[in-house]
There are 2 protein chains.
Amino acid sequence: MFLGRFAHALDAKGRLAVPARFREALAEGVVLTRGIDRCLSLYPMAAWRPLAEKVSALPITDPDARNFRRMVFAEATDLDLDGQGRILVPPELRRYAGLEREALVVGMDTAIEIWSPERWQAVEEVMEADGAEIAQRLASLI
Amino acid sequence: MFLGRFAHALDAKGRLAVPARFREALAEGVVLTRGIDRCLSLYPMAAWRPLAEKVSALPITDPDARNFRRMVFAEATDLDLDGQGRILVPPELRRYAGLEREALVVGMDTAIEIWSPERWQAVEEVMEADGAEIAQRLASLI
DNA sequence: CCACTTGTCCCCACTTTTCCCCACCGTTGT
DNA sequence: ACAACGGTGGGGAAAAGTGGGGACAAGTGG
């Protein structure tokens, strides 16, 4: 269970420290991939497998499904934490998420998201302004 | 589990280095063949067998099935990696996929695809433009 | 049947990148 | 105040990618 938001630095090599309290759940390996809304998603291996299997099962006869699979798997990377509990974020993913010197590591219960501070702030502002409305609209889904 | 996208050079002899992290899963031999959408597909032998059996089982009475079968098997090659972990891409397949100096080796979970950079970019552009819609449409299949 | 040409494969060497390890520093909690 | 833990930074060893030379085998023509 991942909770909380942590500001960590990306060093010159593109490494990012995972909060110590998350590490135990990630010891079996992780998959880092593009998230929606220009953030990155980090899945523990156990959570990634069922997701990957669903995508793999999409009909190969459907051109859109083929391309969708390509985007999901081509941009994903399987990693292990290094001895210091860090992950290496590939340059392509760094660019996608707009990460430079600083990054926010955000617990999302079953997975982890990684945000550039600027983009995160934009999300926060939206929620601050329209949070009540948004919650109301989602009421039917819960 | 094959993940990620790697740019590697085809040398003058038509050899292509397979990313080191993929090699272990390919040690038992591989089959290289035409993929859909003008890329090449590289299957570990263990994944190829059931696929070949499915294609073989297609009804011989159907003209499309006959042609599909020819396309799959006639251009397929079974290979082993050389000492450096490379495969030799036959000229005919190189031409089919439009490969020249550079190639992208793309993990697709259960298999590997090989793309010319130009064609891959075209796929990326489609997904950038319509990715959100496509994802939404496919959501119903997942 | 033999010589020659062509293409394949194996091996070695070089360059670049990756990753592993160690050391430092700040913060937290005792 | 001190110890321990978590985060940050960098140097060096090992591996990966690339290129080319030479041996071998197969196919072709005389």
Side-chain angles (χ1 to χ4, degrees), chain A residues 2-32 40 42 74-95 99-107 112-117, chain B residues 2-32 40 42 75-95 99-107 112-117 120:
Chain A
F2 306 111
L3 296 175
R5 197 182 80 227
F6 306 86
H8 283 165
L10 274 138
D11 66 23
K13 297 181 181 177
R15 293 176 300 186
L16 177 66
V18 171
R21 55 174 59 185
F22 291 174
R23 286 176 199 165
E24 198 185 341
L26 303 176
E28 307 298 317
V30 299
V31 174
L32 179 66
L40 303 182
L42 185 69
E75 302 301 334
T77 327
D78 57 323
L79 303 163
D80 286 304
L81 305 195
D82 72 8
Q84 277 63 33
R86 295 175 287 196
I87 55 169
L88 180 69
V89 182
E92 164 60 29
L93 289 177
R94 241 177 289 160
R95 208 148 32 73
L99 299 175
E100 308 209 350
R101 184 87 188 81
E102 193 148 336
L104 298 177
V105 181
V106 186
I112 295 166
E113 287 186 349
I114 299 167
W115 287 82
S116 88
Chain B
F2 305 110
L3 295 177
R5 199 183 76 227
F6 306 86
H8 283 165
L10 274 140
D11 65 22
K13 299 180 182 178
R15 294 176 300 186
L16 178 66
V18 172
R21 54 174 54 190
F22 291 174
R23 286 176 199 163
E24 199 184 340
L26 303 177
E28 308 298 318
V30 299
V31 174
L32 180 65
L40 305 181
L42 184 68
E75 301 298 335
T77 331
D78 57 323
L79 304 163
D80 286 302
L81 305 194
D82 73 8
Q84 277 64 35
R86 294 175 286 195
I87 55 170
L88 180 69
V89 182
E92 166 58 27
L93 288 178
R94 241 177 290 161
R95 206 152 37 70
L99 299 175
E100 308 208 353
R101 182 90 188 80
E102 195 150 333
L104 299 176
V105 181
V106 185
I112 295 166
E113 287 185 349
I114 299 167
W115 286 80
S116 89
W120 178 260

query = Between A:L32 and A:P90, is any pair of side-chain heavy atoms under 4.5 Å apart?
reply = yes
message = Going by side chain to side chain donor-acceptor pair (under 3.5 Å), name the pairs with one or both residues in residues 9-20 of chain A, residues two or more places apart or in two chains.
response = A:D11-A:R15
note = When rounded to the nearest 0.5 Å, the distance separating CZ of B:R21 from CZ of B:F6 is 5.0 Å
request  = With the side chain counted from C-beta on, respond yes when B:L16 and B:I114 share a heavy-atom pair under 4.5 Å apart, and no when they do not.
outcome  = yes
message = In whole Å, I'd like the distance from the CZ atom of A:F22 to the P atom of D:dG6.
response = 14 Å
note = When rounded to whole Å, the CG to P distance for the pair B:L26 and D:dA16 reads 14 Å
query = Does anyone know the first and last nucleotide of DNA chain C in reach of chain B, 5' to 3', at under 4.0 angstrom to a heavy atom?
reply = C:dC9 to C:dC12
Where protein sits on nucleotides 7-12 of chain D, one letter per nucleotide: B base, S sugar-phosphate only, - none, heavy atoms under 4.0 Å = SBBBB-
inquiry  = For A:E100, give me all partners under side-chain hydrogen bond (donor to acceptor under 3.5 Å, both in side chains), at least two apart in sequence or on another chain.
reply    = none
message = Does any part of the side chain of A:F22, heavy atoms only, come nearer than 4.5 Å to the side chain of A:L3, both counted from C-beta?
response = no
remark   = B:A7 meets the side-chain contact (heavy atoms from CB on, under 4.5 Å) criterion, sequence neighbours left out, with B:E102, B:L104
Only distances under 3.5 Å count here; give the side-chain donor-acceptor pairs of residues 76-83 of chain B to other protein atoms, sequence neighbours excluded, each with its distance to 0.1 Å.
unit_1: B:D82; atom_1: OD1; unit_2: B:Q84; atom_2: N; d: 2.8
unit_1: B:D82; atom_1: OD1; unit_2: B:G85; atom_2: N; d: 3.1
unit_1: B:D82; atom_1: OD1; unit_2: B:R86; atom_2: N; d: 3.0
unit_1: B:D82; atom_1: OD2; unit_2: B:R86; atom_2: NE; d: 3.2

